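For clarity, every value in this text was computed on a predicted model and none was experimentally measured. A note on names: the letters A, B, ... follow the listed sequences, proteins ahead of strands, and every chain is numbered from 1.
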Amino acid sequence: MTELALRRTPVDRERLLRLVQEYGVYLGVAVLVLVNTVFTPHFVSGENFRTQAVQVAPVLIVALGMALAIGSEGVDLSVGSVMALSTSLISLYLGYGPWLAIIVAVLGGMAVGLANGSLIAFIGVQPIVATLALMVAGRGLALVLLPQLKDVRDPGMATLGSGDLLGIPHLVLIAAALALAVAFTVRRTTFGRQLLAIGDSRPAAQLAGLPVRRVLILVYVVSGALAAIAGVLATARLSASDPTSLGTLMELSAITAVVVGGTPLSGGRVRIGGTVAGAVLIQLLTATLIKHDLPPSWTQIAQAVVIVAAVCAARERGKR
Amino acid sequence: MTDTDSPVRATDTARTAEEEPLGASRAERLSALGQQHGALVALIVMVLVASLTFDSFLTGDNLENMAVSSAFLAVVALGMTFVIVTGGIDLSVGSLFALGGVLAAWGSRYGTLVALLLPLAVCGLIGLVNGLLIARARLAPFIVTLAAMLLARGILLSVTDEGSTTYLVDEKSFFAHLGQDKLLGIGVPVWITAALFVLGAVVLRRSRFGQYVYAVGGNEDAAALMGAPVARTKITVYTVSGLCAGLAGALNAAWLVSGVTILGNGMELEAISAVVIGGTLLTGGFGFISGSLVGVLLLKVIQNVINQIGSLDSAYQQVVSGAFLAVVVVAQTWLGRRRRAP
Amino acid sequence: AGCAKSEDEGSKDTNTGAVGDSGQVVATPPAGDRKTCTVEQFGGKKLDLKGATIGFSQSEKEANPFRIAETASIKAEARARGLKLLTANAQSQFSKQISDVQDLIARGADLLVIAPLNSDGWGPVLRAASARHIPIITIDRKINADACKDYVSFIGSDFIEQGKRAADQMIEATGGKGEIAILLGAPGNNVTTERTKGFKDRITEKAPGLKVVFEQTGEFAREKGQQVTEQLIQSKPQITGIYAENDEMGLGAVNALKGAGKQAGAVKIVTIDGTRNAVQGIVDGWISGVVESNPRFGPLAFQTLDTFTKGEKVAQDIVIQDSAYTKANAKAGIGKAY
Amino acid sequence: MPSPVLSVTGLSKAFPGALALDRVDFAAHAGEVHALIGENGAGKSTLIKVLTGVYRPDSGDMTYQGGRVRFATPLQAQHAGISTIYQEVNLVPLMSVARNLFLGREPRNRFGLIDFRRMHREAAEALRSLGVRVDVTRQLRSLGVGAQQMVSLARAVSVDARVVVMDEPTSSLEPREVRTLFGVIRMLRERGIAVVYVSHRLDELYEVCDTVTVLRDGKVVRAGPIAELDRLRLVSLMLGREMGEVRGQGLTKFTGEHAAGGEPVLRAERLTLRHTLHGVSVDVRPGEVVGLGGLLGSGRSETAKAIAGALRPDSGRVVVAGTPVRTGSTPAAVRAGISLLPEDRKAEGIVPGLSVRENIALAVLPGLSRFGLVDEARIDRVVETFVKRLRIKASSPQQKVGELSGGNQQKVLLARWLAMRPKVLLLDEPTRGIDVGAKAEVQKLIDELAEDGLGVLMISSDVEELIEGSDRVVVLKDGAVVAELTGDAVTEDRLMRAIAAAGGSDDD
Ligand SMILES: Nc1ncnc2c1ncn2[C@@H]1O[C@H](COP(=O)(O)OP(=O)(O)OP(=O)(O)O)[C@@H](O)[C@H]1O
Ligand SMILES: Nc1ncnc2c1ncn2[C@@H]1O[C@H](COP(=O)(O)OP(=O)(O)OP(=O)(O)O)[C@@H](O)[C@H]1O
Ligand SMILES: [Mg+2]
Ligand SMILES: [Mg+2]
């Protein structure tokens, strides 16, 4: 054992840094799991993993859309409001059956995405302001549609929210499927490649004849749809439509997950695996702090520290 | 020119300002003016419409109220303008504003100096750390200041016993007077704000540091190659933004005579909106201090008008403000784009 | 003072404070024993409420049952009395509420009814109002200022008292033994602080066998309440009771318990507010008790203003008597819950 | 020989995947114009960036004015008296011309505030002395690339410098401005300033330089007086090939005439764009290379961009092979078979964060995909073909394009378009910043493409290239066609006269 360690070549600092940069977020998740395994009672249990997975699912789904927006050198601040809109629409249309309600909700999210995308692609408004405007207006709209919390008592929605398939909750299955789909889209489709090129250098992509507008609009439509799906799932889980508080600050959680996962905010690169890990990291961190009953001030400070540490590890090092 | 074999000749391309093809530069200037003063025009129109529609709008009281309550956001937006002109963003200002207020109220028991210096020191320090992480460790401003926002909230909660303690300012202290007294009928915070804006405008337009701020925002690499102290400039703007937020919080605490713990949520977005409405480009390199002031006032007047209408449901209010923001940025972007066309 | 005439359909007045009365009942001892306020003391002028303009500043969006009922009650009473009412909503932003009230004053409000978002920080508003001798009544939350000088009176519940009564219910439900958790409201909020204080004080005092082992914020929202409870029941499966500082979080906790496959009543839940959903929760057996926080301020507030403007005495602190729902009266009272 | 003002010994600098400088020795003397030459990617720009504090060297010593130094930032180098024009125009587009010129050394009044009136006056003077008359309060971005380059030059020479470094300053200058530049260089030499000059245009080197250092693959292969080396020798040193081989290939690769015929493959008709183009019409037949000549700012780039859909003309049409193309849409133009190699490679051409492979496959991607799914194997084949054919120098197809040298970036862009098999190729300064070897290859490629029946529209500030490469030259002035040279009339003399006449017609 010692001999082996001695014979090993000295660790190449550069390579180690690169590894940390690439896999730091996974490492972070591993460390948190380890710490909890040792210090948190009842942590290693199927029930607990299930809870964490179910809680992280909506955030993750939103983060997937956010990753695309960020990859295109944009950002989507309207996701939280889209969730609210989606929950309002569900309640309004539930009378026609859960499927129709879900379809309407997702269409609603796509409509907001279309508005975002049009402002960004056709008018050239900065993504952060365009989506800020829809963030404000979207929640207002959600409350206009459904002025107060309303219980959702629908067996279909209930199954969606708390049922499972082969022991895996529906929510988790859906989130996993969406993550795979988005990862596949980024890696293997023309749309994915074009999105990255646009995110890296929009003028160059434009002059190379890429359908920049179409791609950008699609990005925000997808992000809107994903946020709406997250809204549907959150509604199903809560068995209530709560347009006031559903999805508040979701945009920040999603951005954090994406960035902590190693996707640079400057666009041109999307890491879906990292995004999943980023979302899980934040979830585990919150869970740890709650389980140990630490005061809210700690939670905020710990989150700040973890975010900075993760981003620091994942950053591209200067070339000097 | 000492060289003789290159007779300098004014050819068609070498045009003096007067010989400029008029259309080009006039259109360019016009839309520059549009972008610069679009918000001002909107403000004037709003004020005109409002004063014709509501008798209670153009009263001294109402104007004074609006001035004082915009003052705090304006100071925050002032710092934000510097940050945005460098192409950055500062999401921590809302939390720093709240933290500044709490610290000022807590510190006011040890005198006005502490009440002012403590929030400035703490918020300035957080701003400095933001700047260091952004400029030296090259982390994205969005994420660094997002973390700072959480951090500041966390500190606020821990100094107020998880938010259960509200520190009060002694009504008779000099510090409280700073927030409440009037000078020539206008509140002291308004005067302070005005002074800061004049100072800020001079610094941004007329100082070398200001030039660096524009250069860093316009093209960071080029600025570095031209010898601009990029890192130092960035660190400075984030520190300034932190200081502004802290100061605004302190003044607000003096005005409210207490360190209210629930302030500042969403203030960063308000400040960003104001700056953008004022014509500053979020991409950096272009913007005005005066525009941000106009942006703040415009937001305030809109809110006031919505209140004057009175019958608007709170949900509709949000729809209206969102739509308004969209209209303004669309108009602005449209003007900006026309100008960018070759 | 006395009992306000309820405007609600078919409700009959009872002075017992029992469930079934949807209007507010004053809980404090008779007028003789407490501080009062008159127009002369306040330094204002008598006026006829009939021709007056009343400004109402609401703190949060009318999106939860409490705020909806509160605003509706004020509006209905103003309409019933034929008064001119100006309204504003601060949408949970304190700075906005300050501007809102100033705007109301600028728009010519003669009297103000304020539902404050926060107890502190009212300096600017009070200065502006007192300069014009505008009487202020605050409802549901108190302002930290001098009654009858800065404002006239406060009408509302005693949050500390609510916490204490919740503790009583918890003690009864759990038999005074076991480990309990608190789902706190939004941090930095006086309601949170006071409901926590009252609850803990009473527990320490009356039931040393009960231990508070977990306190996390659910931010007054159902979803947060559910998420926190899910974490709680895994790390502390032995928990016997959950005190939720509002109904929404309590209902979130119910969701979490259901999701974890617990039986109704396995974990005792006590909440505050008295919304219909929570009372239904008692009927269904998931919730053990709900302390009411009555939002129907309209009748009492306007009656107080009427009395005050006529020049008569009004109490500075008009603490209303909140009823409570338990297994015994839930079924009967559900129709009256808001 | 006096000791050099600036010298380095044993300087090395490695990038991940590339040893850019390998124990380089270099010395610049006062009053000397020192040429630094080498192939694309030889390490010239890297050397300059190390000298001026942009990059930190891995090893090596640097001596400046007799003392050992190491600059940590460009600012330090600047303060020490080394002023630099970097290869890519590096100014701040949103700031005014004057502010760019004076950034960091603005004239200030006694309150420490910037004295704008003085600054504008001095800026205008500085530019006028270089033959550029612009309103110095205009935003820099409203100027063409050439004029921007002149602003960089003005900035570099207006400080009190001991060493002036110029990395390919002429790449976007027109002949008249090149003359002005040479005037400036001679003046600097007379003042005893050391000038380090990088260029791929050999004629220029012989005209202004005294000494030369030749870099190849990061190593110095030759240093000495330029007079001792003839062109052929210089090229063979740069390329690392035998003299005979180089001679056999010749220096310019254009063969001249092409058998162009038939209907025009591209017809641009009366293109009009507010303030820049006034009814420009250009035809290109299959197999024909049409040159687009004119002064800076005459609207050549705009013409090309309007044809390629990157600018939406106010009126006029573009017809490709008889079918009108929707204007103002690059995807439509690309679908119709139009490809544009843009002038500003860094900002509009490459996608720096993506790999060589992705960059080459970028435009052709839909063609290499099925049902929106990318066919990796086909991409690999296409990329391999073009990396070989254009001899793109990269550590692997996975290397980020942003890390390549300028010339190789240009080749990647060419590959991107050739993979599209376009009908019409619009080339805006195709050999700008490309070394002689690569330049010859690119030129040969253009020739071959024309012979294969492609229509080529070529913009070039290099008059020689324009004359030798084009079958026909259309001369623009102020956004309008003023002359067209065909057949035997395509000579340097006639072109210069056409341009000059156009320019002089309304001279004051
Ligand atoms: N930032 C960087 N990261 C990685 N590799 C780099 C970087 N900059 C330059 N290189 C590599 O270093 C080598 C030298 O590049 P350099 O830009 O100095 O060439 P050059 O001689 O200036 O070429 P050109 O004539 O095309 O401008 C090239 O192989 C290039 O790929
Ligand atoms: N020397 C100059 N003086 C003043 N303005 C100039 C000068 N050079 C360019 N411009 C401005 O820049 C604009 C665009 O120039 P640009 O360089 O794109 O033209 P161009 O004909 O395409 O030249 P090139 O092909 O060399 O780039 C012109 O409309 C003109 O207003
Ligand atoms: Mg180079
Ligand atoms: Mg050009």
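Among B/Glu162, B/Gln303, B/Met267, B/Gln180, the residue with the largest count of heavy-atom pairs under 4.5 Å with chain C is B/Gln180. Highest contact tally toward chain B, considering only C/Lys96, C/Glu62, C/Gln93, is held by C/Lys96 [criterion: heavy-atom pairs under 4.5 Å]. Put simply, of B/Ile262, B/Thr261, B/Val257, the one with the most heavy-atom pairs under 4.5 Å next to chain C is B/Ile262. Between chain B and the options C/Glu194, C/Arg132, C/Lys197, the largest number of non-hydrogen pairs under 4.5 Å is found for C/Arg132. Ranked by heavy-atom pairs under 4.5 Å with chain C, the first of B/Thr165, B/Asn265, B/Asn304 is B/Asn304.
Atom-to-atom distance recorded for B/Leu168:CG and C/Asn144:CG is 7.0 Å, nearest 0.5 angstrom. Separating the CG atom in C/Asp100 from the OG atom in B/Ser69 is a distance of 10.0 Å, to the nearest 0.5 Å. A distance of 10.5 Å separates CG of B/Asn62 from OG of C/Ser99, quoted to the nearest 0.5 Å. Taking CZ from B/Phe72 and CD1 from C/Ile98, the interatomic distance works out to 10.0 Å, rounded to the nearest 0.5 Å. Taking OG1 from C/Thr217 and CG from B/Leu157, the interatomic distance works out to 9.5 Å, rounded to the nearest 0.5 Å.
Contact annotation for B/Glu64: neither backbone nor side-chain heavy atoms come within less than 4.5 Å of a heavy atom of chain C. With a 4.5 angstrom heavy-atom cutoff, C/Gln91 touches chain B only via side-chain atoms. Of the two parts of C/Leu117, the backbone and the side chain both hold a non-hydrogen atom closer than 4.5 Å to a non-hydrogen atom of chain B.
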Can you check side chain to side chain donor-acceptor pair (under 3.5 Å) on C/Asp120 and B/Thr166, steps first, answer last?
CA-CA 7 Å; C/Asp120 297 294; B/Thr166 301; 3.2 Å; yes
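The two residues B/Trp255 and C/Arg127 have their closest heavy-atom pair at O-NH2, 3.1 Å. Closest of all the heavy-atom pairs between C/Gly121 and B/Val260 is CA-CG2, 3.8 Å.
Between C/Pro124 and B/Leu256, the closest side-chain pair of non-hydrogen atoms falls below 4.5 Å.
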